[in-house]
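Here is the structure we will look at, set down as structure tokens.
Here the structure is a predicted model, which means the values were calculated and not measured. In what follows, residues are counted from 1 in the order of the sequence shown.
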Amino acid sequence: MKIYDWHTGPYPARIRIALGEKGLRPQVEFQSVDLWKGEHKTPEFLAKNYSGTLPVLELPNGIFLAECTAITQYLDRLDGKPWLTGQTPLEQGVIHMMNKRAELELLDPISVYFHHATPGLGPQVELYQNAEWGLRQRDKGLRGMSYFNSVLEHQPYVAGDAFSMADITVIGGLIFASLVDVAVPDHCHALRAWHEKVQQRPSVQNWITMSD
Ligand code: GTS
């Protein structure tokens, strides 16, 4: 399997962490797509992923899987022992709900802030920017942090008692926030404690060096 990604990207980090959790690193080769040069917007790359985003997983049969949630689900089910995406119908439902919430309320808004209210990937790539929208999305992301803090005051992980894909997505949100200097609010003690805890996991410690 081949992963098209960028080594410091927060969304690619989600798949690198999932690969680490599932012990699948030996089965993939990484191909770097330079976001700063806009390589993800070329016709050649858009033929792989219409949305022009990373990461993309290429399967040996030539199928391209985009979207972190879809890729994680695929990787989790490869060995017939899914746990990042849940086993029972209820686990699967809760994990997908919290994962989507982590995208909607934290990771995606921080990404929009980066693309709209900072220089983003530079003028060659950022063809339209709306700083006011970007700043509103940053504030949405901060509210999302407070929300996940309130969740983690009552349970050890984002979707309940076990580490899951939803935790990985919140980790991605905090990776992105740190890259763009959006600090976790001081009152978010439970979110900070959870972050300390999940950063001890080898998959989270090693994601950035995974392709070396
Ligand atoms: N919904 C997509 C997913 O979940 O895979 C979003 C992917 C995404 O936005 N990826 C970023 C991207 O391609 C990569 S990174 O910002 O984390 O490095 N951004 C480039 C762009 O131009 O939007």
* Asked: So Trp83 and Phe163, would you call those rings parallel, tilted or perpendicular, with 30° and 60° as cut-offs?
  -> tilted

* Just by distance, with hydrogens left out, do Tyr113 and Arg136 show a side-chain donor and acceptor under 3.5 Å apart? -> no

* **Side-chain donor/acceptor of Asn49 to backbone N/O of Ala66, under 3.5 Å** => no

* Structure fact -> Of all heavy-atom pairs linking Pro10 and Leu107, the shortest is CB-CD1, 4.5 Å

* To do: Taking Asn206 for its side chain and Pro202 for its backbone only, find out whether a donor-acceptor pair lies under 3.5 Å.
  => yes

* Hey, what's the ring geometry for Tyr4 with Phe45, parallel, tilted or perpendicular (30° and 60° as the breaks)? -> perpendicular

* For the residue pair Tyr11 and Asp108, establish whether any side-chain heavy-atom pair is separated by less than 4.5 Å. => yes

* Asked: When you check the side-chain N and O atoms of His96 and Thr85, is any donor under 3.5 Å from an acceptor?
  -> no

* Asked: OG1/Thr118 to CZ/Arg138 distance, rounded to the nearest 0.5 angstrom?
  -> 11.5 Å

* Asked: Got His187 and Ser146 here, is their nearest side-chain heavy-atom distance under 4.5 Å?
  -> yes

* Asked: Got a salt bridge between Asp76 and Lys81, using NZ or NE/NH1/NH2 to carboxylate O under 4.0 Å?
  -> no

* Is the shortest heavy-atom distance from the side chain of Pro60 to the side chain of Met1 under 4.5 Å? -> yes

* **Pair Ser211, Arg16: side-chain N/O donor-acceptor within cut-off below 3.5 Å** => yes

* Asked: Out of curiosity, does Met98 fall in the hydrophobic cluster containing Phe176 (side-chain heavy atoms, cut-off under 4.5 Å, transitive links)?
  -> yes

* To do: Enter the distance from Asn99:CG to Gln92:CD here, rounded to the nearest 0.5 Å.
  => 12.5 Å

* **Any side-chain heavy-atom pair of Trp6 and Trp36 under 4.5 Å** => yes

* Going only through I, L, V, M, F, W and Y residues with side-chain contacts under 4.5 Å, is there a path from Ile171 to Leu104? -> no

* Judged by modelled atom types alone, do His116 and Gln137 share a side-chain donor-acceptor pair under 3.5 Å? -> no

* To do: Indicate yes or no: at least one non-hydrogen side-chain atom of Phe114 is less than 4.5 angstrom from one of Leu179.
  => no

* Will you find, in the side chains of Asp167 and Trp194, an N or O donor that is under 3.5 Å from an N or O acceptor? -> yes

* Structure fact -> Correct closest heavy-atom pair for His189 and Asp186 would be CE1-O, 3.5 Å

* Structure fact -> Output for pair (Ile175 CD1, Ile110 CD1), nearest 0.5 Å, gives 13.0 Å

* Asked: Are Ile208 and Leu35 joined in one hydrophobic group, where the rule is that I, L, V, M, F, W and Y side chains link up if heavy atoms are under 4.5 Å apart?
  -> yes

* Evaluate the side-chain contact (heavy atoms from CB on, under 4.5 Å) criterion for residues His195 and Val184: first the C-alpha distance (whole Å), next the side-chain angles of each, then the deciding distance (0.1 Å), finally the verdict. => CA-CA 10 Å; His195 198 207; Val184 174; 5.6 Å; no

* To do: Could you pull out the closest heavy-atom pair between Ala166 and Val158, with the gap in Å?
  => CB-CG1, 3.8 Å

* Whether Glu39 side chain and Asp34 backbone form a donor-acceptor pair below 3.5 Å -> yes

* Test log, rule side-chain contact (heavy atoms from CB on, under 4.5 Å), inputs Val182 and Met145 -> CA-CA 11 Å; Val182 174; Met145 289 181 194; 4.2 Å; yes

* Asked: For the atom pair NZ (Lys41) and CD (Gln124), what is the distance rounded to the nearest 0.5 Å?
  -> 14.5 Å

* So, for Pro55 and Cys68, which heavy atoms are closest and what is the spacing to 0.1 Å? -> CD-SG, 3.6 Å

* Asked: According to a 4.5 Å side-chain heavy-atom criterion applied to Ile, Leu, Val, Met, Phe, Trp and Tyr, with indirect links allowed, do Phe148 and Ile95 form part of one hydrophobic cluster?
  -> no

* Show the numbers, then the answer: is there a side-chain contact (heavy atoms from CB on, under 4.5 Å) between Arg201 and Gln205? => CA-CA 6 Å; Arg201 301 177 81 88; Gln205 285 177 352; over 6 Å; no

* Asked: So, Thr72 and Arg14: side-chain donor and acceptor under 3.5 Å apart, yes or no?
  -> no

* Treating Ile, Leu, Val, Met, Phe, Trp and Tyr as nodes and any side-chain heavy-atom pair under 4.5 angstrom as an edge, say whether Leu65 and Ile17 lie in one connected cluster. => no

* **N/O donor-acceptor pair under 3.5 Å between Gln200 side chain and Glu196 backbone** => yes

* Asked: If we only count heavy atoms from C-beta on, is the Glu126 to Pro119 side-chain gap below 4.5 Å?
  -> no

* Mind checking whether Leu75 and Leu19 have side chains closer than 4.5 Å, heavy atoms only? -> yes

* To do: Evaluate the side-chain proximity of Gln31 to Ile3: yes if any heavy-atom separation is below 4.5 Å, no if none is.
  => no

* To do: Ignoring hydrogens and angles, tell me if any N or O in the side chain of Lys197 forms a donor-acceptor pair with the backbone of Pro156 under 3.5 Å.
  => yes

* Regarding Thr69 and Glu103, is there a side-chain donor-to-acceptor distance under 3.5 Å anywhere? -> yes

* Locate the shortest heavy-atom distance separating Ser51 from Leu46; write the atom from each residue and the value. => C-CD2, 4.4 Å

* **Pairwise distance CG(Asp5) to CD1(Ile71) - rounded to 0.5 angstrom** => 9.5 Å

* To do: Would you indicate whether Asp161, at its atom CG, is surrounded by more than 12 heavy atoms from other residues, nucleotides or ligands within a distance under 6.0 Å?
  => no

* Considering all heavy atoms, the nearest Ala102-Thr169 contact -> CB-CG2, 3.5 Å

* In sequence, state the C-alpha distance, the side-chain angles, and the governing distance for Lys2 and Phe64, and then conclude on side-chain contact (heavy atoms from CB on, under 4.5 Å). => CA-CA 9 Å; Lys2 188 189 280 189; Phe64 295 99; over 6 Å; no

* Structure fact -> In this structure, CD of Glu21 is separated from CE of Met165 (nearest 0.5 Å) by 13.0 Å

* Distance-only donor-acceptor check, side chains Glu105 and Tyr147, under 3.5 Å -> no

